[in-house]
Amino acid sequence: MISNQEAAKFIREIGEFLEMKSIPFKPRAYEKAAEIIEGLEEEIAGIYNKGGLKALEDMPGIGVSIAEKIEELIKTGKLKYHAGLKKTIPVDLESFRGVEGLGPKTIFKLYKKLGVKNLKGLELVIKLGKIAKLKGFGQKSEENLKKGIAFVKKGGGRFVLGDILADVRQIENQLKKLKEVEKLIVAGSTRRRKETIGDVDILITSKNPKPIMDYFVKMSGVVRVTAKGVTKSAVKLKNGLDVDVRVVPEESFGAAANYFTGSKDHNIALRERAIKLGYKLNEYGLFKGEKRIAGKTEEDLYQALGLVYIEPEMRENTGEIELAEKKKLPKIIGYNDLLGDLQIQTNWSDGGNSIEEMARAAIKIGLEYILITDHTKRLAMARGLDEKRLKKQGEEIDAVNARLEREGIRFKILKGTECDILKDGSMDLSDEALSKLDIVGASVHSYFNLTEREQTERIKKAMQNPNVDIIFHPTGRIINRRDAYPVNMDELIKEAKKTGTVMEIDAYPDRLDLKDEYIRKCVEAGVKMSVSSDAHSYVHLPYLEYGLSQARRGFATKDDIINAWPLEKMLSFLKDGKKKY
DNA sequence: GCCGTTTTCGGCCCGACTGTTTTCAGTCG
């Protein structure tokens, strides 16, 4: 059966072929449809099997013509229209994907003039020095293509937010020190807190932008200047990160902030809304004819469009605009709302610090409680605890709690575990040992290659254990390194609801597991979640911020996140939830 | 090709920058 990715690829390529032929408007329609298909959570083949052509046509951006093409793809795995186009222009579009500055028109020109059909062919003609001699091309175009190819081959270049946010904040602070800089924000996917970001967009207001641009392109760490103008410059840093700076007039700051924060889909939806209301929206403001009616702040902009303010993390055009229109946007959890951290490893297993060190670090960042969750014996590599050592650890926790109390510190260390879920769904520790803990977390660390059915049953069985309170990092993915294990999340969420089990949002920067779309599903299903750092050292505690970003992207409120609740409320919720089951 | 509070035809987001041109096409966000 054809996957959403594959179907989207066919549709997108049709758009690109039509673009090569300079056919107006159709390319956009195909591109849009491809994006819709790619973004679907459900399998398109499943949608078709359930509801037929009609169900496809009912999707936004997909009409009769594209629906029929999808039908053909699902039924035959092939698409005649696509094949016909590819026959007349036999280029491997996929191979060029991601090369900067190389769009359909250029690919077409290279094919017609030089017979280039794929990336390899392009590399060859570059080597032969044929590009620069082509009409419309020059030395620079050849250089840029070369660099673009090298970059793609190096691995695409999306950065894990948590890996580069510190660098970004440093640049931010450097620029803020310039006296010409008035207002400054980091916009783009960084502001939306996407789990990975492609580049960084910085927005500045200034009456005298030239010195800012001069400074920016010479900042330490800059290896290449890709654009330098009066209002826009762009550089590449040593670590491969692209950073753009834009200078905008003060009165346009809100509109520009909105525009450069994106997402692109959110912006397009806002612009279409503006047009419907008889306005025009661009990065300089909201205009009625020639007159600017809003755009100094984002708040006034949304208001003028008849919307309540939408937090950056929610701006993905996945329903937030409709909710804002009806004033039904949820009040998402804030960055200071956590009272505890429910996943912390110590030097009892593979952590770097003692229980007391972790506790004192948590106190310092304002938390009121933590749960100690060292690994269990199956993870021998991590010096996992058996029942005996777990009992001993409990004694140490009691001792540290007593010490803190004597010092008059209001703080509680809870006894817990990150218990391995074994292959058959049973627990790595005895029920007796688990029942003595305050909170039990359970997680998968082995047999990632089970079938979806087996993996789903395995985790469901863990949820059915009356001692298990939270499923840690429920999908096991590591961003940029390892995909989630195959598992049916809808079924797990249903089972979590049924059994009163909490799902974790692991805040470790390359985990962020659950991801935003699953968080939203939990919110909708009324399944509670925890946001935890998974800290293996006290320096990891600030990772909670990334978990909160993810929770906000998933529309979670304080009410959805149990460690935003006072200790007693949280503990009694966990007890009751499992008892009912 | 898609869409609809200007609806079943006639619009489709919009501006900056680059590299090549010598007024603009292509790409990007």
Side-chain angles (χ1 to χ4, degrees), chain A residues 11-12 14-36 56-70 81 96 98-110 131-145 147-148 187-190 192 197-203 209 213 225-235 242-248 252 255-256 258-287 306 317 325:
Chain A
I11 299 299
R12 173 172 290 119
I14 289 176
E16 287 165 335
F17 283 128
L18 297 177
E19 175 85 40
M20 291 178 187
K21 298 174 172 229
S22 295
I23 290 167
F25 304 115
K26 291 189 186 187
R28 275 290 299 150
Y30 279 101
E31 188 198 335
K32 216 171 155 185
E35 270 167 29
I36 301 271
L56 297 179
E57 282 172 43
D58 281 348
M59 293 163 51
I62 294 175
V64 182
S65 173
I66 293 182
E68 281 172 355
K69 292 185 175 69
I70 296 170
Y81 184 53
F96 296 112
V99 177
E100 201 177 337
L102 187 58
K105 291 270 172 67
T106 310
I107 293 173
F108 188 46
K109 232 185 266 173
L110 291 170
I131 296 276
K133 296 193 189 102
L134 226 52
K135 195 172 172 225
F137 291 79
Q139 272 307 320
K140 278 271 172 105
S141 341
E142 182 177 312
E143 258 321 289
N144 285 339
L145 282 173
K147 282 175 184 160
S189 48
T190 313
R192 300 202 315 282
I197 64 171
D199 59 10
V200 174
D201 301 290
I202 298 175
L203 202 63
M213 293 307 193
V225 179
T226 44
K228 187 174 181 240
V230 186
T231 63
K232 180 190 168 177
S233 294
V235 300
D242 288 311
V243 184
D244 293 7
V245 159
R246 288 265 191 162
V247 175
V248 297
S252 302
N258 188 257
Y259 176 76
F260 290 108
T261 296
S263 67
K264 194 178 166 194
D265 288 344
H266 179 87
N267 289 348
I268 290 174
L270 286 186
R271 285 187 181 200
E272 283 168 354
R273 184 178 178 85
I275 290 168
K276 262 182 220 157
L277 295 169
Y279 307 142
K280 186 181 80 166
L281 177 61
N282 59 28
E283 59 261 55
Y284 296 109
L286 183 67
F287 295 88
N317 195 30
E325 184 177 29

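Below, chains carry the letters A, B, ... as their sequence lines are ordered, and counting in each starts from 1.
- Side chain of Lys69(A), nearest nucleotide from dC28(B), dC17(B), dG1(B): dG1(B).
- In this structure, Glu272(A) atom CD and dC3(B) atom P are separated by 11 Å, rounded to whole Å.
- Distances from the side chain of Ile66(A) to the nucleotides dG29(B), dC13(B), dG1(B) place dG1(B) closest.
- Counting non-hydrogen atoms under 4.0 angstrom, Leu102(A) reaches the backbone sugars and phosphates but no base.
- Checked against dC13(B), dT27(B), dG19(B), the side chain of Ile275(A) finds its nearest nucleotide in dC13(B).
- Closest contact between the side chain of Ala227(A) and the listed nucleotides dG19(B), dC17(B), dC13(B) involves dC17(B).
- One atom, NZ of Lys264(A), and another, P of dA16(B), lie 17 Å apart when rounded to the nearest Å.
- The side chain to side chain donor-acceptor pair (under 3.5 Å) test applied to Lys232(A) returns no partner, not counting sequence neighbours.
- In this model, the phosphate group of dC17(B) is not approached by any side-chain N or O of Lys232(A) to a distance below 4.0 Å at OP1 or OP2.
- Separating the CZ atom of Arg271(A) from the C1' atom of dC3(B) is a distance of 19 Å, rounded to the nearest angstrom.
- In this structure, Lys140(A) places its NZ atom 11 Å from C1' of dT20(B), rounding to the nearest Å.
- Between dA16(B) and Tyr284(A), a contact under 4.0 Å exists linking OP1 or OP2 to a side-chain N or O.
- Lys32(A) comes within 4.0 angstrom of nothing in the nucleic acid, heavy atoms only.
- When heavy atoms are screened at a 4.0 angstrom cut-off, Met59(A) is found touching the sugar-phosphate backbone but no base atom.
- Distance from the side chain of Tyr30(A) is smallest to dG1(B) among dG1(B), dG29(B), dC17(B).
- Residues from residues 21-29 of chain A that place a heavy atom under 4.0 Å from any atom of DNA chain B, listed by number: Phe25(A), Lys26(A), Ala29(A).
- Using a 4.0 Å cut-off, no side-chain N or O of Asn267(A) falls inside it from OP1 or OP2 of dC14(B).
- Note on Glu142(A): nothing from the nucleic acid sits closer than 4.0 angstrom, heavy atoms only.
- Between dC28(B) and dT22(B), the distance separating the two C1' atoms is 24 Å to the nearest Å.
- When the shell of 6.0 Å around CD of Glu100(A) is examined, it contains 12 or fewer heavy atoms from other residues, nucleotides or ligands.
- The interatomic distance linking Met20(A) (CE) with dT27(B) (C1') rounds to 14 Å, in whole Å.
- Taking each heavy atom of Ala269(A) and Asn317(A) in turn, the nearest pair found is CB-OD1, 3.7 Å.
- The separation between Arg246(A) atom CZ and dG29(B) atom P is 11 Å, rounded to whole Å.
- Between dG15(B) and Asn282(A), a contact under 4.0 Å exists linking OP1 or OP2 to a side-chain N or O.
- Nucleotides dT21(B) and dG10(B) have their C1' atoms positioned 34 Å apart, rounded to a whole Å.
- If you take atom P in dT5(B) and the same atom in dC12(B), they sit 16 Å apart, rounded to whole Å.
- Distance check: Ser252(A) OG to Leu286(A) CG gives 11.5 Å after rounding to the nearest 0.5 Å.
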Could you tabulate the donor-acceptor pairs under 3.5 Å formed by side-chain atoms of residues 18-35 of chain A, not counting sequence neighbours?
{"unit_1": "Arg28(A)", "atom_1": "NH1", "unit_2": "Glu31(A)", "atom_2": "OE1", "d": "3.3"}
{"unit_1": "Tyr30(A)", "atom_1": "OH", "unit_2": "Lys69(A)", "atom_2": "NZ", "d": "3.4"}

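- When each of Lys280(A) and Val99(A) is assigned the nucleotide of DNA chain B bearing its nearest heavy atom, the one mapping closer to the 5' terminus is Lys280(A).
- Atoms OH and CZ, from Tyr259(A) and Arg246(A) in turn, are 6.5 Å apart once rounded to the nearest 0.5 Å.
- Nucleotides dC14(B) and dT20(B) have their P atoms positioned 30 Å apart, rounded to a whole Å.
- Here Asn144(A) lies in heavy-atom contact (under 4.0 Å) with sugar-phosphate atoms only.
- Going from the P atom of dG11(B) to that of dT6(B) covers 15 Å, rounded to whole Å.
- Here the closest heavy-atom approach between residue Asn258(A) and residue Asn267(A) is recorded as O-OD1, 3.4 Å.
- The nucleotide whose nearest atom lies closest to any side-chain atom of Ser141(A) is, among dG26(B), dC14(B), dT20(B), dT20(B).
- Annotation: dC13(B) and dC2(B) have their C1' atoms spaced 15 Å apart (nearest Å).
- With hydrogens and angles left out, the side chain of Tyr259(A) and the base of dG29(B) share a donor-acceptor pair within 3.5 Å.
- A straight line from CG of Leu134(A) to C1' of dT21(B) spans 15 Å, rounded to a whole angstrom.
- When both pairing distances are held under 3.5 Å, dG1(B) makes a Watson-Crick or G-U pair with dC12(B).
- Rounded to an integer number of Å, the gap from CD of Glu35(A) to P of dG29(B) is 13 Å.
- For dG15(B), the OP1/OP2 oxygens have no side-chain nitrogen or oxygen of Thr231(A) closer than 4.0 Å.
- A donor-acceptor pair under 3.5 Å is absent between the side-chain atoms of Asp201(A) and the main chain of Ala187(A), judged by distance alone.
- Contact of the Arg192(A) side chain with the Thr261(A) side chain is registered, since non-hydrogen atoms from C-beta on lie closer than 4.5 Å.
- If Lys135(A) and Glu19(A) are placed on DNA chain B by their nearest nucleotide, the residue sitting closer to the 5' end is Lys135(A).
- The residue Leu270(A) sits apart from the nucleic acid: no heavy atom pair falls under 4.0 Å.
- Considering only the side chain of Lys276(A), dT5(B) comes nearest among dG29(B), dT27(B), dT5(B).
- Side-chain contact between Leu110(A) and Leu102(A): present, with at least one pair of heavy atoms (C-beta onward) separated by less than 4.5 Å.
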